[in-house]
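To keep things clear, I will list the structure first and then write my remarks on it.
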Amino acid sequence: MHAIGMVAPPEHDSEEAEWARRHVTDQLLALVGDDADRFRIPAIDVLHTLRLLTFSASHHEIADGRLLTPQQIVGIVLDGVLKRED
């Protein structure tokens, strides 16, 4: 991101940015589907956490060069949000 001049978050107040966020969120919620009942927190919060972790864990500078694989990211999110079976 630094190499292409993106040193700050993109403008979040535009209609296009808001539409894109809603569209991506709707698509991800549809992907989760019935499995949302298995989460101990709302699916929207799981997806927010997944987006944040994916961004930070795959950004070379933020992750101090220790990037996480997609499998590690999903494992961290799911193990942290699934209900425990008694």
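The figures here come from the full heavy-atom set of this structure, side chains too, leaving out hydrogens, waters and symmetry mates. This chain uses plain numbering: 1 for the first residue, then up along the sequence. Here the structure is a predicted model, which is why all the values come from computation and not from measurement.
Considering Val77, Asp45, Leu78 as possible partners of Phe39, the one that fulfils the side chain to side chain contact (heavy atoms under 4.5 Å, CB included) test is Leu78.
Between atom CD1 of residue Ile62 and atom CG of residue Leu67 there is a gap of 10.5 Å, rounded to the nearest 0.5 Å. Expressed to the nearest 0.5 Å, how far CD of Gln72 lies from CG of Leu53 amounts to 10.0 Å. Here the straight-line distance linking atom OG1 of Thr54 with atom NE2 of His59 works out to 13.5 Å at 0.5 Å rounding. Here the OG atom belonging to Ser56 is positioned 7.5 Å from the CD1 atom belonging to Ile73, to the nearest 0.5 angstrom.
Linking ILVMFWY side-chain heavy atoms closer than 4.5 Å, directly or via other members, places Leu29 and Val46 in a single hydrophobic cluster. Residues Ile41 and Ile44 share a hydrophobic cluster, clusters being chains of Ile/Leu/Val/Met/Phe/Trp/Tyr side chains in contact below 4.5 Å.
In this structure, Arg51 and Thr25 have side chains that are in contact, with non-hydrogen atoms separated by less than 4.5 Å. For the pair Val24 and Leu47, the minimum side-chain heavy-atom distance is 4.5 Å or more.
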